[in-house]
Every structure is written in C-alpha cells, then in structure tokens.
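A quick write-up on the structure given underneath.
One-based numbering along the sequence shown.
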Amino acid sequence: MIGDLATWQRLMEPAMAELRAAAAPSSTVAEIARLRKLYSPHLVAAAIDLAEARRRAQPKFGPEVAARLIADPAGVEMASSAAVSRHKAARFTAAAGIEATVADLCCGIGGDAMALRAAGLQVLGVDADEVRAWMCAANASCQSRAARIEDPNAWSAPWFHLDPARRIDGGRRIFTLADLSPGPEVWRGVIDRAKSCATADTFGGAIKLGPGVNPAEVREAIDTDLPLEIEFISENGRMSQAVVWVGTLAGGGG
C-alpha cells in the first residue's frame, strides 16, 4: 500500500531525517522493532518503502536523482526511465516550443514530468491518487492536482502526456486496451480537450502504452481523423513502451 498523504509529508520533514537514514529494505526484524518504538508503524513502513523505491530507481534515473526521489516501489516500477522520458520530452519541445504547458495525466511519481520540466516545459501533473500527485510535484518541481483526468476542471492545455494504468489489483499485467485505466473512451475525450485548448493549429499529445499493443487495435480504439503515429521504444535491448503520438506531435503518420 502506498499509504496516506499526511504520513508521506511527515516522513519528508527535516525532523524525520534520522528515520529516513535508518530505514532500509534489508532491515532486520530487530531493527524494525527498534524503529517502531521511536516512530509510528505507518511512518516506518513508508520509510522502508522510500528506501526500497530509491534502490530500484537507480537503474532508471541514476544514483543522484534516485537519492532524492520521493516515491514508493510500485511508483518507480511504473515510471518511464530518464532516457525514454528525455526522448519524449524532446519531441514535445520540437513541436510545442520551450515553455509550452503540458498536462501530465496519470502522472504517477513524475518520471515523465521531470524530463518535461528539464526540457524547459511547464507541467501540470494530474493523478487521481493524491499521494502520487504530491510526489510528482515534489520530484519535478511542477504544479500538480489530485483529480480524475475526466474532470473538466482538472486540466486545460493544448499538449498532454497520458499514462494509463497497466496493472490491476494483485499486480497482474494488463494486455488489452479495454482494461486499461483510463480506457480508450477517455483518451478520445482527452484528445478533444487538448484540441479545444489550442489557440493555433498546433496541439497534441502522447499516450504511453505497453510495447505489446496491436497498432491496428490502437487506431480503431482512438478513432480519430487527426495525424497518428505509434512509436515502439527499445532501451538497452529491451522493448520498453509504445507511444501513441497524436496531432502535431505525430511524425509521418507511421
């Protein structure tokens, strides 16, 4: 469990530095028992999660970023790597220009938001989980909002990055588009909203999917007359993700 927002905010206070330093995934039962005498069980659990998340984050983000990341292990696992995120951010800046605003929808811990911010873009992270929305804001130094992306008041921008959840309870991977959350019916609304926010003919977004998707199924599900491109990304010899580029961001319609 990711825990509640108040616990995570308390954990990151300066007064909790000793707990953050003492907690580790390899802590023995005796060490955990000692910590629980000094701090609440919820704080100790969150501190151990934080330490494990930072350990797992090193291959994705490098040791320097991982050491200051605020995240839980599941959030790190779902996040794009720094290299893939930089690749996507470069496409946004090429199409939208520096300082354009991108809505990072279902932002999670902010892996993509960090790269978008580093590229000079303004970012609004939106996530239904208030803890993840807060983590995104802290990690990417951006604004964030805890809301469902379908909410008409949640975001307003001509550019978006959308990362539908690809897991269900129990951790079983999802392979069908219809079972993603949010599903294609919401993606179409997101595309329409981005188009309505554009002041010129330049708008669009990226939808992050697993690399095993069927391109024909994706095109049928999105059902748009706008330019559409599906890019498959490999990193270190391993298929990482498929990205559906829509609108001005689509290159060549491939």
Side-chain angles (χ1 to χ4, degrees), residues 80 83-108 110-127 133 136-137 140-145 147-164 177 180 182-211 213-233 240-254:
S80 299
V84 173
S85 296
R86 284 194 299 268
H87 167 74
K88 290 188 286 185
R91 291 190 63 154
F92 273 98
T93 55
I98 300 297
E99 297 189 357
T101 298
V102 179
D104 189 10
L105 309 175
C106 306
C107 59
D112 285 291
M114 287 190 289
L116 292 168
R117 287 290 294 128
L121 295 154
Q122 301 301 311
V123 178
L124 171 64
V126 182
D127 201 286
C136 176
S141 299
C142 68
Q143 294 184 348
S144 73
R145 186 171 295 155
R148 295 184 62 85
I149 66 171
E150 304 95 318
D151 184 342
N153 299 315
W155 63 280
S156 178
W159 308 97
F160 69 88
H161 177 277
L162 171 60
D163 184 3
L177 296 183
L180 291 174
E185 69 285 352
V186 175
W187 308 352
R188 293 190 288 269
V190 166
I191 294 169
D192 290 342
R193 188 183 305 186
K195 183 177 180 180
S196 70
C197 293
T199 56
D201 292 331
T202 55
F203 66 91
I207 304 173
K208 172 184 168 184
L209 302 174
V213 296
N214 183 329
E217 184 183 359
V218 172
R219 289 182 177 278
E220 181 179 358
I222 294 179
D223 187 26
T224 180
D225 294 329
L226 294 171
L228 194 71
E229 173 195 351
I230 304 175
E231 178 184 26
F232 292 86
I233 301 176
S240 173
Q241 61 186 253
V243 182
V244 182
W245 298 100
V246 182
T248 309
L249 285 159

Let me confirm one number: the [atom1]-[atom2] distance from [X] to [Y], rounded to the nearest 0.5 Å.
{"X": "Glu185", "Y": "Ile222", "atom1": "CD", "atom2": "CD1", "answer": "12.0 Å"}
{"X": "Leu162", "Y": "Ile191", "atom1": "CG", "atom2": "CD1", "answer": "9.0 Å"}
{"X": "Phe92", "Y": "His161", "atom1": "CZ", "atom2": "NE2", "answer": "6.5 Å"}
{"X": "Asp192", "Y": "Thr224", "atom1": "CG", "atom2": "OG1", "answer": "7.5 Å"}
{"X": "Met114", "Y": "Asp104", "atom1": "CE", "atom2": "CG", "answer": "10.5 Å"}
{"X": "Ile230", "Y": "Leu209", "atom1": "CD1", "atom2": "CG", "answer": "8.0 Å"}

Minimum heavy-atom separation for [X] to [Y], with atom names?
{"X": "Asp127", "Y": "Cys106", "value": "OD2-C, 3.4 Å"}
{"X": "Ile233", "Y": "His87", "value": "CD1-CD2, 3.8 Å"}
{"X": "Ala137", "Y": "Ser144", "value": "CB-OG, 3.3 Å"}
{"X": "Phe203", "Y": "Ala194", "value": "CB-O, 4.0 Å"}
{"X": "Gly125", "Y": "Cys136", "value": "CA-SG, 4.2 Å"}
{"X": "Arg86", "Y": "Ala115", "value": "N-CB, 3.8 Å"}

Checklist entry - Between Glu229 and Arg91, is the closest basic N to carboxylate O distance under 4.0 Å? => result yes

Item to check | Audit row: Ile98, Thr93, side chain to side chain contact (heavy atoms under 4.5 Å, CB included) steps and yes/no | outcome: CA-CA 6 Å; Ile98 300 297; Thr93 55; 4.1 Å; yes

Item to check | Arg148: side-chain hydrogen bond (donor to acceptor under 3.5 Å, both in side chains) partners, not counting sequence neighbours | outcome: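 Arg148: side-chain hydrogen bond (donor to acceptor under 3.5 Å, both in side chains) contacts with Glu150.
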
Checklist entry - Within 45° of the six-membered ring axis of Trp155 and under 6.0 Å from that ring's centre, is NZ or CZ of Arg145 located there? => result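 No, Arg145 does not lie over the aromatic ring of Trp155.
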
Item to check | Chi angles and distances behind the side chain to side chain contact (heavy atoms under 4.5 Å, CB included) call for Leu180, Trp187 | outcome: CA-CA 11 Å; Leu180 291 174; Trp187 308 352; 3.8 Å; yes

[X] vs [Y] side-chain heavy atoms within contact, under 4.5 Å:
{"X": "Ser240", "Y": "Phe232", "result": "no"}
{"X": "Ile207", "Y": "Pro164", "result": "yes"}
{"X": "Pro182", "Y": "Ile149", "result": "yes"}

Checklist outcome for this item: Taken in chain and number order and not counting sequence neighbours, the residues that satisfy salt bridge (charged side-chain N to carboxylate O under 4.0 Å, His left out) with Asp112 are Lys88

Next on the checklist: Please determine whether the number of non-hydrogen atoms from other residues, nucleotides or ligands lying under 6.0 Å from atom CD of Gln143 exceeds 12.
Outcome noted: no

Next on the checklist: Run Thr101 and Leu121 through side chain to side chain contact (heavy atoms under 4.5 Å, CB included) and show every step you take.
Outcome noted: CA-CA 6 Å; Thr101 298; Leu121 295 154; over 6 Å; no

Checklist entry - Is there a side chain to side chain contact (heavy atoms under 4.5 Å, CB included) between Glu231 and Gln241 once you walk through the steps? => result CA-CA 8 Å; Glu231 178 184 26; Gln241 61 186 253; over 6 Å; no

